[in-house]
> 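Sharing a structure, written as structure tokens. Questions coming.
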2 protein chains.
Amino acid sequence: MRILIVEDEPTLGNQLKTTLEQNGYAVDLSADGEDGHFLGSTEEYDAVVLDLGLPEIDGLTVLGMWRREGRNFPVLVLTARDSWSDKVAGLDAGADDYLAKPFQTEELIARLRALIRRATGNASSELTAGDVRLDTRSGRVTLKGEPVKLTAQEYKLLSYLMHHKGKVVSRTELIEHIYDQDFDRDSNTIEVFVTRIRKKLGADVITTIRGLGYSLDDPADQPRG
Amino acid sequence: MRILIVEDEPTLGNQLKTTLEQNGYAVDLSADGEDGHFLGSTEEYDAVVLDLGLPEIDGLTVLGMWRREGRNFPVLVLTARDSWSDKVAGLDAGADDYLAKPFQTEELIARLRALIRRATGNASSELTAGDVRLDTRSGRVTLKGEPVKLTAQEYKLLSYLMHHKGKVVSRTELIEHIYDQDFDRDSNTIEVFVTRIRKKLGADVITTIRGLGYSLDDPADQPRG
DNA sequence: TCTTCGACGATCAGGATACGCATGTGCTCT
DNA sequence: AGAGCACATGCGTATCCTGATCGTCGAAGA
């Protein structure tokens, strides 16, 4: 985990840097807003500790610039000011947390832990196979980046296959997982939807294994022969 | 957005509930740890306000139980105690933010906004999708710069969709996050409000995915995945 | 190796239906 | 009184299932 500290007061800055490094973080230290902004814009950080009272450029301005550039690493704001209106301004400017000086370094560490946990906790549940990409969180399917419109049943079928990528899935297994309890098993709906999916995503995404079922393979997983 | 308040002091609890409801949140109020834990485990909340000093079960214990159950809604912890060691304990137990009593309700609102903003992956308090712009701070909505008047429910619905831009949101998910606990889930209110919003903002802002739900897409996000 | 035949899978189209949309009505809270 | 809301009803249609037909694979025999 990599942290950027933007703090103009050398004593505090170096103390923070040392403490964070002892806690296993990689730390960059910047002493003014301009330099800090440049670092935050060009390097990859997991979190930023930002002092509001900076020379040259104000901390809130730097924060606003980052957010407008699309940088969305978690930012913890430090300030000597203690009025709640300043806190509100900071939070609304895009800060994720706030800490008033003076503070215990233990609290800073704990807050950083919480911020990073939250930022990385949103692991995107994306399934891919070849050019096909399925996002289970958003319920979206794309082919070579282009969004593809699937109906509910088509989506369910594809989703199950992608969750069991590389495995041969029998038709009864598909029926059991796509439909609820009572469903007439003597019908060819599965084949129908396989056909439709193939039409939308290409014939080669789903492989037929005669007498056994279907299988969805990722070309990337096949050590070609 | 739906909030759970766990606060044993009735005066403060009801005051918070009222204030949050006036700010457009659906709010459930629980007076003790056991009940609060049950609600947080079974219902869908976008954020939780948790008082540490509770009868029956301690707030930190409740928080720990939630996290062990895999519940990861943002939690804002309230406490009368002001020592930093308690803050650290709270944050390490899985809290996302901390507020010491007494506090300004404005600050609570601002912090909740920030928590929800981060939890849904949005860096700015201004949400945009195509020509539609929604400012969570002022509660204003504009279409091509022109202000649009939305009713409370219309705003809640649109706000939730914009917080989850690009994701397919089911009708039950919408109901769970827009209304509080006691609400008859068998009605078509969601469809009605979707219709109303489309009339005011244009038919193409909200896409229907049959059998799955609704989705709000930003044309600017379409090129490439 | 080639041919043939049976079995399984793929495809197509029509009807049934569940789904979502729009409008209307009365209730509730300002 | 008015606005906003929940809820009910009727309508149009996308989606789904069904059944029939067509296509394809593979084993077995010549």
Side-chain angles (χ1 to χ4, degrees), chain A residues 139 141 148-161 168-216, chain B residues 2 17-18 21-27 139 141 148-161 168-216:
Chain A
V141 176
V148 177
K149 257 190 83 178
L150 293 187
T151 68
Q153 304 292 338
E154 290 163 7
Y155 176 82
K156 285 187 200 167
L157 177 43
L158 179 67
S159 167
Y160 189 84
L161 284 176
V168 176
V169 181
S170 72
R171 220 162 322 147
T172 51
E173 184 178 346
L174 283 169
I175 288 179
E176 276 168 358
H177 282 88
I178 290 175
Y179 298 95
D180 50 20
Q181 281 184 324
D182 27 50
F183 181 79
D184 183 14
R185 276 103 201 279
D186 289 341
S187 93
N188 66 343
T189 44
I190 297 297
E191 281 130 305
V192 171
F193 285 117
V194 168
T195 300
R196 306 189 88 128
I197 292 174
R198 281 181 175 149
K199 266 194 177 165
K200 290 185 178 179
L201 297 177
D204 51 344
V205 281
I206 300 176
T207 314
T208 306
I209 291 93
R210 278 208 153 221
L212 293 178
Y214 298 97
S215 151
L216 191 145
Chain B
R2 192 164 162 209
K17 182 165 153 63
T18 307
E21 278 171 350
Q22 283 168 356
N23 277 269
Y25 295 104
V27 182
V141 176
V148 176
K149 255 192 83 178
L150 293 187
T151 68
Q153 302 298 325
E154 288 164 7
Y155 176 82
K156 284 186 198 171
L157 178 42
L158 180 67
S159 165
Y160 189 83
L161 283 176
V168 176
V169 182
S170 72
R171 219 162 321 141
T172 52
E173 183 177 345
L174 283 169
I175 288 177
E176 275 171 352
H177 286 269
I178 290 176
Y179 298 95
D180 52 26
Q181 223 185 347
D182 24 56
F183 179 79
D184 182 13
R185 275 105 200 274
D186 288 340
S187 96
N188 66 344
T189 41
I190 298 296
E191 281 130 305
V192 171
F193 285 115
V194 167
T195 303
R196 298 246 158 87
I197 292 175
R198 280 180 176 149
K199 270 194 177 161
K200 291 185 177 179
L201 298 178
D204 50 345
V205 280
I206 299 176
T207 314
T208 306
I209 293 93
R210 265 197 166 235
L212 293 179
Y214 298 98
S215 152
L216 192 144

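Lettering of chains follows the sequences in order, A, B, ..., and the numbering in each one begins at 1.
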> Within less than 4.0 Å of OP1 or OP2 of D/dG4, is there a side-chain N or O belonging to B/Thr151?
no

> With rounding to the nearest 0.5 Å, note down the distance linking CD in B/Glu21 to CG in B/Asp180.
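Those atoms lie 6.5 Å apart.
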
> Given atom CG of B/Leu150 and atom C1' of D/dC5, what is their separation to the nearest angstrom?
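Result: 15 Å.
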
> Take atom CZ of B/Phe193 and atom P of C/dC21, then tell me their distance rounded to the nearest Å.
15 Å

> If only side-chain N and O atoms of B/Thr189 are considered, is one of them under 4.0 Å from the OP1 or OP2 phosphate oxygen of D/dC5?
no

> Show which side-chain atoms of residues 202-213 of chain A pair as donor or acceptor with protein atoms under 3.5 Å away, not counting sequence neighbours.
unit_1   : atom_1 : unit_2   : atom_2 : d
A/Thr207 : OG1    : A/Asp217 : OD2    : 3.4
A/Thr208 : OG1    : A/Arg198 : NH2    : 2.6

> Hey, could you give me the CG/NE2 distance between B/Leu161 and B/His177, rounded to the nearest 0.5 Å?
11.5 Å

> Between atom CG of B/Leu157 and atom CD1 of B/Ile178, what is the distance when rounded to the nearest 0.5 Å?
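So the gap between those two atoms works out to 4.5 Å.
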
> Contacts to DNA chain C from residues 152-161 of chain B, heavy-atom cutoff under 4.0 Å, which residues?
none

> Once you round to the nearest 0.5 Å, how far does CG of B/Leu216 lie from CG of B/Leu158?
6.5 Å

> Could I get the full list of ring-ring contact (aromatic ring centres under 6.0 Å, His included) partners for B/Tyr214, not counting sequence neighbours?
none

> Taking salt bridge (Lys or Arg N to Asp or Glu O under 4.0 Å) as the definition, give me every residue that meets it alongside A/Lys200, ordered by chain and number, with sequence neighbours left out.
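For A/Lys200 the salt bridge (Lys or Arg N to Asp or Glu O under 4.0 Å) partners, ignoring immediate neighbours, are A/Glu154.
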
> At what distance, to the nearest 0.5 angstrom, does CZ of B/Arg196 lie from OG1 of B/Thr151?
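That separation rounds to 7.5 Å.
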
> How long is the line joining CD of B/Glu21 and P of C/dT30, in whole Å?
11 Å

> So what is the end-to-end bend of the helix from C/dT1-D/dA30 to C/dT30-D/dA1, with 5 pairs used at each end and the value given to 10 degrees?
40°

> Scan nucleotides 8-20 of chain C nucleotide by nucleotide, 5' to 3', and note B when protein non-hydrogen atoms come under 4.0 Å of the base, S if they reach only the sugar-phosphate, - if neither.
BSSBB------BB

> Work out which heavy atom in B/Ala26 is nearest to a heavy atom in B/Tyr179; give both atom names and the distance.
CB-C, 3.6 Å

> Does A/Lys156 reach the side chain of A/Phe193, with side-chain heavy atoms less than 4.5 Å apart?
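Result no, sub-4.5 Å side-chain heavy-atom pair not found.
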
